[in-house]
Amino acid sequence: MSKIKATEAILSDNDRQALANRQRLDALKLTGVNVLASPGAGKTSVIVAALQGLDGLTRGVIEGDVASSIDTDRIRGLGFPAVQINTAGGCHLTADMVRQALDELGLQGPGILFIENIGNLICPASFDLGEHVRLVIASVAEGDDKPTKYPLVFTLADAVVLNKTDLAALTEFDLDLFRTRLRAVNPHAPLFEVSCRTGENLPLLRQWLLDTRCKQTH
């Protein structure tokens, strides 16, 4: 049986484009935030809450979705620039998709660019898009076992958001167990326990985004 020797990483093309995206964002003074979560965890709601609380900065969104422009329409309706990427079944965004979206968006900093990835806790974790930080969102409606079942995406997170905390009393979600499971795979990422419906703890998340932006630009 013949063997083919791999001399270059499979994702090398993506990684080169991701580096170019990051350098482009640096030149534009934009902090790139890659937002990852499973479907229904509240990615768009968290992004909207952040957009509405970061006055004084340029803000924009690249929206990834399998189909439809529902989330992009919502963000544009609030007055923020957004570009839609439909993957037609693809389970993750790639760095080249983000490059094309940046061309279309034409955003100039200083500010923050949110990239809402496809709702999926597996494939998006492996693709560098050129972001500066990764924000991983879970919700109490999904159960407390996500960090254990999908460790890679939580391991690579720069921060974790636990959304829909106002629903905790209606579920069997074990907050202490979630914290323990998260710390087993990522001891250092800050955890923000928020409710986009009530606004609980969202100012803390916005402040982390501002602090992260300051560290990236200095």
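For this chain, numbers begin at 1 and follow the sequence in order. Side chains are part of it too, since the values below use all heavy atoms of this structure and drop only hydrogens, waters and symmetry mates.
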Review point. Which atom names give the shortest non-hydrogen contact between Val160 and Ala157, and what distance separates them?
Key: CG2-CB, 3.9 Å
Exercise for review: Enter the distance from Leu93:CG to Asn117:CG here, rounded to the nearest 0.5 Å.
Suggested key: 4.0 Å
Study note, to complete from the structure: Only one of Leu113, Asp158, Ile115, Leu135 passes side-chain contact (heavy atoms from CB on, under 4.5 Å) with Val33, and that residue is Leu135
Practice item. Would you mind reporting whether Val98 and Gln17 have side-chain heavy atoms less than 4.5 Å apart? Key: no
Exercise for review: Let me see the working for Trp208 and Val133 under side-chain contact (heavy atoms from CB on, under 4.5 Å), right down to the final yes or no.
Suggested key: CA-CA 11 Å; Trp208 179 82; Val133 292; 4.3 Å; yes
Practice item. Over all heavy atoms of both residues, which pair between Phe173 and Gly143 is shortest? Give the atoms and the distance, please. Key: CE1-O, 3.3 Å
What donor-acceptor contacts under 3.5 angstrom involve side-chain atoms of residues 119-126, with partners at least two apart or in another chain?
unit_1	atom_1	unit_2	atom_2	d
Asn120	OD1	Ile122	N	2.8
Asn120	ND2	Cys91	O	3.1

Check your understanding: Could Arg99 and Asp103 be called an ion pair, given the rule that one side-chain N must be under 4.0 Å from one carboxylate O?
Key -> yes
Review point. At what distance, to the nearest 0.5 angstrom, does CZ of Phe154 lie from CG of Asn186?
Key: 10.0 Å
**Study point:** side chain to side chain donor-acceptor pair (under 3.5 Å) involving Ser69 - partner list, sequence neighbours excluded
**Key:** Asp73
Review point. Does the side chain of Val46 come within less than 4.5 Å of Val35's, by heavy atoms?
Key: no
**Study point:** Side chains of Arg16 and Asp13 in contact at under 4.5 Å (non-hydrogen atoms)
**Key:** yes
Exercise for review: Would you mind reporting whether Val83 and Thr72 have side-chain heavy atoms less than 4.5 Å apart?
Suggested key: no
Practice item. Work out which heavy atom in Thr87 is nearest to a heavy atom in Val66; give both atom names and the distance. Key: OG1-CA, 3.6 Å
Exercise for review: Name all residues meeting the side chain to side chain donor-acceptor pair (under 3.5 Å) criterion together with Asp166; count only those two or more places apart in sequence or in a different chain, and write none if there are none.
Suggested key: Ser195, Arg197
Exercise for review: Can you measure from CD1 (Ile118) to NZ (Lys43) and round to the nearest 0.5 angstrom?
Suggested key: 8.0 Å
Review point. Which heavy atom of Ser139 sits nearest a heavy atom of Ala41, and at what distance?
Key: CB-O, 3.8 Å
Practice item. Name all pairs fulfilling the ring pair (Phe, Tyr, Trp, His ring centres under 6.0 Å) condition that reach into residues 27-76, sequence neighbours left out, sorted by first residue then second. Key: none
Exercise for review: Decide whether Leu202 and Ile137 are clustered together by the hydrophobic rule: side chain heavy atoms of Ile, Leu, Val, Met, Phe, Trp, Tyr closer than 4.5 Å, transitively.
Suggested key: yes
Point to revise | Within-4.5 Å side-chain heavy-atom neighbours: Thr212 and His132 | key: no
Check your understanding: Is the count of non-hydrogen atoms from other residues, nucleotides or ligands lying under 6.0 Å from Ile70 atom CD1 greater than 12?
Key -> no
Review point. Can you get from Leu175 to Val185 by hopping between Ile, Leu, Val, Met, Phe, Trp and Tyr side chains that sit under 4.5 Å apart?
Key: yes
Review point. Do any pairs count as a ring pair (Phe, Tyr, Trp, His ring centres under 6.0 Å) and have a residue in residues 74-127, sequence neighbours left out, and if so which ones?
Key: His92-Phe127
Revision key, fill the gap. Test side-chain contact (heavy atoms from CB on, under 4.5 Å), reference Asn21, set Leu129, Asp128, Leu102, output is Leu102
Exercise for review: Not counting sequence neighbours, which residues clear side chain to side chain donor-acceptor pair (under 3.5 Å) with Arg76? List them please.
Suggested key: none
**Study point:** Same apolar cluster: Leu78 and Leu205, side chain cutoff 4.5 Å
**Key:** yes
Check your understanding: Yes or no on side-chain contact (heavy atoms from CB on, under 4.5 Å) for Thr165 and Asn201, after CA distance, side-chain angles and deciding distance?
Key -> CA-CA 10 Å; Thr165 53; Asn201 290 331; over 6 Å; no
Check your understanding: How about Asp144 and Arg181: do any of their side-chain heavy atoms sit closer than 4.5 Å?
Key -> yes
Review point. Taking atom CZ of Arg213 and atom CG of Leu54, what is their separation to the nearest 0.5 Å?
Key: 10.0 Å
Revision key, fill the gap. Taken to the nearest 0.5 Å, the spacing of Arg74 CZ from Ser45 OG works out to 4.0 Å
Check your understanding: In Å, rounded to the nearest 0.5 Å, how long is the span from CG of Leu162 to CD of Glu142?
Key -> 9.0 Å
**Study point:** Where Ala18 and Ala95 come nearest, the two heavy atoms and their spacing
**Key:** N-CB, 3.5 Å
Practice item. State whether a side-chain donor-acceptor pair under 3.5 Å links Thr58 with Gln108. Key: no
Exercise for review: Without swapping roles, check the side chain of Arg206 against the backbone of Ala49 for a donor-acceptor pair under 3.5 Å.
Suggested key: yes
Review point. Do the side chains of Leu204 and Leu209 join up, straight or via other hydrophobic residues, at under 4.5 Å, putting them in one cluster?
Key: yes
Practice item. I would like to know whether Ile62 and Met97 meet side-chain contact (heavy atoms from CB on, under 4.5 Å); could you show each step before the answer? Key: CA-CA 10 Å; Ile62 294 174; Met97 292 176 183; over 6 Å; no
Review point. What do the steps show when you test Thr171 against Lys164 for side-chain contact (heavy atoms from CB on, under 4.5 Å), and what is the final call?
Key: CA-CA 11 Å; Thr171 71; Lys164 306 184 184 181; over 6 Å; no
Exercise for review: Treating Ile, Leu, Val, Met, Phe, Trp and Tyr as nodes and any side-chain heavy-atom pair under 4.5 angstrom as an edge, say whether Leu167 and Leu191 lie in one connected cluster.
Suggested key: yes
